[in-house]
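Along the sequence shown, the residues carry numbers beginning at 1.
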Amino acid sequence: MAINALKLEEYTDVKRPQTFTSLTITGSAVEEGEVPMHVISPTDKVSNKFEAFLSLQSGKFSFKGVTPEGISTDIGKGHEPGVVAMNSYGISAEVTGPVYIVVDMSKKSYTITPVEEWSIVGSVTEGGWNAGAGVPLAYQGKGVWGGRVKLTGLGTASDRARFNFIMNKSWDYTMKRISDTPNEVAFSNSGYSSSDINLNHGTYNITLDLRRFAFYIDCGEEGIDPFKISVMGSSVANGQGADSNHGYAYMFGELQDERFKNQETRLPWYTSGISIGGNSTLNLLARYNDLLYDCGKYVIFGLSLGNEGIHGAADQQAIYNQFKDNMQTLISKAREDGKYPVMMNNYTRGDFEESDYRYVKQMNLLIHEWDLPSVNMLGAIDNGSGKWADGYQNGTDLYHPNTEGHREFLYAMVPSLFDAIEAGKTLPARVSGTSYTLAGKVLEFTPEETVHPFTISFKVKGATDGTIATFTNGGNTMGTLKIQEGKAVYNSPSQGKIVGGDVTDNQWHVVSLTHYYAQGRTLLYTDKSLAGELNEKLTVGKFIIGDNSSTEGREYSELFFYRSAMNEEEINKLCDGSMLKSSLEIYAPLDGSKSTIENLAQSMNTVVVKSE
């Protein structure tokens with residue numbers, strides 16, 4: 001577009017303010033002789049405003065500024081208090097002790113505010129959000145406040161425990177963490193995007209360094225808590241959908257407390273929630289310091305492809321790769337910081353479509369084989385197409401399970417996992433070429449605590465009919481796996497049966513029974529073939545492998561018991577020789593050359609030999 005006219009006007013009574021890229025306060029009144037000031041710059045634009053925390057003493061001070069051209073300029077006393085001018089005249093320090101100084105070079109003005117106190121105020125402090133009842137920090141010189149503090153407050157059911165730094169017991173001076181930074185801080189009214197600082201109750205060394213405008217939290221003299229399990233994830237990990245937000249992580253903590261009281265474990269495990277609704281892997285990487293501040297030895301990561309944005313994504317493979325790569329980064333960082341990571345795998349959602357479900361299953365197969373313990377959440381309340389099983393969605397909320405859904409997730413977690421890790425049990429690897437011949441004796445095990453979804457799988461070789469496994473259901477009925485007329489057959493403890501494929505050719509065959517409690521479905525596989533299914537809900541107890549009433553020898557190998565149901569893709573991988581670890585409570589290679597039955601899974605459960 002052409003410019004038809006250009007008007008220039010000259011003003012002689014206005015002077016454009018000089019711009020400075022840095023400012024330093026100096027002089028005999030300055031505690032250290034010279035202190036660089038911090039530029040207040042919430043945007044990319046030059047603000048020409050600077051701030052500093054320091055201690056003043058009797059004497060004078062002035063400023064030195066540096067322009068964008070690198071020219072150094074003296075800035076001193078103006079014609080009246082609170083005003084500066086381009087000169088070298090010192091300003092008398094009328095206030096001594098810790099102060100907060102702000103200089104606005106666009107207005108050529110400055111303010112000095114005495115700092116009477118910095119304190120911690122929030123839901124994690126005993127006085128709650130009362131600005132006048134915070135936990136004070138001591139001035140340590142050079143613009144630093146800090147100390148060892150005990151925080152006793154608790155967050156609400158739906159909200160993380162958190163705090164702010166408050167100056168002079170006034171909300172007018174509230175300092176928060178700058179968004180998307182690990183530990184940088186700014187006043188909440190200075191234009192930066194900021195948020196409260198998340199921290200659970202405990203005793204910490206907390207430092208507010210206002211030369212660097214950053215805070216630091218460390219675990220102090222008590223160090224890392226060897227029994228604390230941090231749960232870091234998104235809203236499901238935070239319990240959303242469950243009554244009072246007491247979801248699977250909270251329930252797992254309750255279970256550990258009961259096990260300790262009942263002397264089922266000698267270690268006082270407990271969970272510590274550091275999950276935030278809506279988080280993805282990107283969010284966890286951005287707030288990774290929250291994990292360090294929680295001071296626990298273990299971490300359960302609880303995220304999902306749903307929050308990552310898989311549903312409706314233009315490039316679902318890119319979302320899948322982002323989740324995979326970022327989770328590996330998080331796992332590596334946790335290990336580098338001396339923590340032991342555990343992974344909750346992906347779960348259902350009320351709006352998932354076939355493509356979403358395919359990526360969820362693909363990711364879970366990958367997590368099964370990662371070098372860390374994991375939990376098969378999909379096998380807990382999947383309806384078979386990637387959505388919540390009927391009755392387990394939180395009302396009309398498509399994204400979260402209800403209390404019973406969270407409980408199904410709990411049942412998929414191995415109760416003694418952390419006992420096993422602490423006892424030195426490493427991740428299991430598959431053992432090939434071993435077998436155990438059962439004739440007149442059986443193998444027995446009872447799953448730990450309550451079991452709803454489950455999968456039992458083992459290899460069997462023989463040429464005759466007979467019982468190959470049984471289990472109790474509800475304490476008074478029995479389910480059986482038999483070889484009848486050369487075929488693997490499941491007889492339900494309620495009613496009905498499933499007839500599988502031929503297994504009496506004296507070759508190894510894999511027999512797998514998987515039960516979706518939430519769906520009310522039991523499926524039988526012989527090798528990779530689905531033999532059929534029944535509609536039923538089981539509550540299993542003791543399992544018996546073999547038949548002690550028979551003297552006919554039959555070989556068994558590789559006994560697996562999972563606390564979750566498994567889909568066809570997982571069964572296929574298991575048959576192919578992959579080591580699937582999610583929700584694995586029993587893995588017994590079954591080596592007849594050894595005097596005992598080894599359980600290589602990371603649990604304290606055992607398999608025993610019985611002959612009577």
Engineer: Which pair of heavy atoms, one from Val121 and one from Trp171, lies closest together, and at what distance?
Structural biologist: CG1-CH2, 3.8 Å
Engineer: Does the side chain of Leu210 reach to within under 4.5 Å of the side chain of Val185, using non-hydrogen atoms?
Structural biologist: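 Yes, side chains in contact.
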Engineer: We want to know whether Arg177 and Asn164 form a side-chain donor-acceptor pair, criterion being a heavy-atom distance below 3.5 angstrom.
Structural biologist: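 Not at all, the side chains of Arg177 and Asn164 share no donor-acceptor pair under 3.5 Å.
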Engineer: Would you mind checking if Glu308 and Lys324 are paired as a salt bridge, meaning a charged N to carboxylate O distance below 4.0 Å?
Structural biologist: no
Engineer: Got a salt bridge between Lys108 and Asp104, using NZ or NE/NH1/NH2 to carboxylate O under 4.0 Å?
Structural biologist: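 Salt bridge absent between Lys108 and Asp104.
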Engineer: Are side-chain heavy atoms of Lys581 and Ile367 found at a separation under 4.5 Å?
Structural biologist: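 No, side chains not in contact.
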Engineer: Parallel under 30°, tilted from 30 to 60°, perpendicular over 60°: which one fits the rings of Tyr250 and His246?
Structural biologist: parallel
Engineer: Taking the side chain as everything from C-beta on, heavy atoms only, tell me whether Glu126 gets closer than 4.5 Å to Val135.
Structural biologist: no
Engineer: Is Ser304 reaching over with its side chain to a backbone N or O of Asn307, donor-acceptor style, under 3.5 angstrom?
Structural biologist: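 Flag set: sc Ser304 to bb Asn307 pair under 3.5 Å.
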Engineer: Of all heavy-atom pairs between Ile224 and Gly296, which one has the smallest distance, and what is that distance?
Structural biologist: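 Scanning both residues, the minimum pair turns out to be CG2-C, 3.5 Å.
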Engineer: Side-chain donor-acceptor pair under 3.5 Å between Asn238 and Ser235, yes or no?
Structural biologist: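 There is no such pair (donor and acceptor under 3.5 Å, judged by atom type) between the side chains of Asn238 and Ser235.
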Engineer: Do the non-hydrogen side-chain atoms of Phe50 and Ile40 ever get within less than 4.5 Å of each other?
Structural biologist: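 No - every pair of side-chain heavy atoms lies 4.5 Å or more apart.
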Engineer: Can you see which heavy atom on Ser188 is nearest to which on Ser194, and at what distance?
Structural biologist: CA-OG, 4.2 Å
Engineer: Please work out which of the three classes, parallel, tilted or perpendicular, describes the rings of Phe53 and Phe187, given edges at 30° and 60°.
Structural biologist: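 It falls in the tilted class, 30° to 60°.
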Engineer: Just so I know, are the side chains of Ile112 and Phe61 near enough to count as touching, which here means a heavy-atom distance under 4.5 Å?
Structural biologist: yes
Engineer: Hey, does the side chain of Tyr204 reach the backbone of Leu151 with a donor-acceptor pair shorter than 3.5 angstrom?
Structural biologist: no
Engineer: Any salt bridge linking Arg211 with Glu32? Criterion: basic side-chain nitrogen under 4.0 Å from a carboxylate oxygen.
Structural biologist: yes
Engineer: Grab the two heavy atoms, one from Ser275 and one from Ser234, that are nearest each other, plus how far apart they are.
Structural biologist: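 Minimum heavy-atom separation between Ser275 and Ser234: CB-O, 3.4 Å.
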Engineer: Quick check against the 3.5 Å criterion: does Thr207 have a side-chain atom that pairs as donor or acceptor with the backbone of Asp209?
Structural biologist: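 No, the answer is negative, given that no donor and acceptor are paired below the 3.5 Å cut-off.
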Engineer: Between Phe418, Trp269, Tyr298, Tyr270, which is the residue that forms a ring pair (Phe, Tyr, Trp, His ring centres under 6.0 Å) with Phe227?
Structural biologist: Trp269
Engineer: May I ask you to decide if Pro341's main-chain N or O and Arg335's side chain share a donor-acceptor pair within less than 3.5 Å?
Structural biologist: no
Engineer: Salt-bridge test for Lys425 and Asp419: reply yes if a basic N is under 4.0 Å from a carboxylate O, no otherwise.
Structural biologist: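 No, no charged N to carboxylate O under 4.0 Å.
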Engineer: Please determine whether a side-chain nitrogen of the Lys or Arg among Arg148 and Asp218 lies less than 4.0 Å from a carboxylate oxygen of the Asp or Glu.
Structural biologist: no
Engineer: Between the side chains of His400 and Asn394, is a donor N or O closer than 3.5 angstrom to an acceptor N or O?
Structural biologist: no
Engineer: With a 6.0 Å cut-off (strictly less than), is the heavy-atom count around CD of Gln263, excluding the residue itself, greater than 12?
Structural biologist: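 Incorrect, the count does not exceed 12.
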Engineer: Looking only at heavy atoms, which two atoms of Lys333 and Tyr288 are closest? And how far apart?
Structural biologist: O-OH, 3.0 Å
Engineer: Hey, do the aromatic rings of Phe213 and Phe215 have their centres closer than 6.0 Å?
Structural biologist: no
Engineer: Is any side-chain N of the basic residue among Asp196 and Lys176 closer than 4.0 Å to the acidic one's carboxylate O?
Structural biologist: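 Salt bridge present between Asp196 and Lys176.
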Engineer: For Asp397 and Tyr399, indicate whether the former's side chain and the latter's backbone hold a donor-acceptor pair under 3.5 Å.
Structural biologist: yes
Engineer: With sequence neighbours left out, what residues match Tyr139 under ring pair (Phe, Tyr, Trp, His ring centres under 6.0 Å)?
Structural biologist: Trp145
Engineer: What are the two closest non-hydrogen atoms of Ser195 and Ser179, and how far apart are they?
Structural biologist: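 Scanning both residues, the minimum pair turns out to be N-OG, 4.2 Å.
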Engineer: Take His201 and Thr152 through the test side chain to side chain donor-acceptor pair (under 3.5 Å) and record every step on the way to the result.
Structural biologist: CA-CA 5 Å; His201 65 282; Thr152 58; over 6 Å; no
Engineer: Is it true that Asp351 and Arg349 make a salt bridge, defined as a side-chain N closer than 4.0 Å to a carboxylate O?
Structural biologist: yes
Engineer: Given side chains that start at C-beta, do those of Asn183 and Ile197 come closer than 4.5 Å, heavy atoms only?
Structural biologist: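 Contact flag for Asn183/Ile197 side chains = no.
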Engineer: Can you tell which of Asp290, Asp225, Asp294 makes a side chain to side chain donor-acceptor pair (under 3.5 Å) with Ser230?
Structural biologist: Asp294
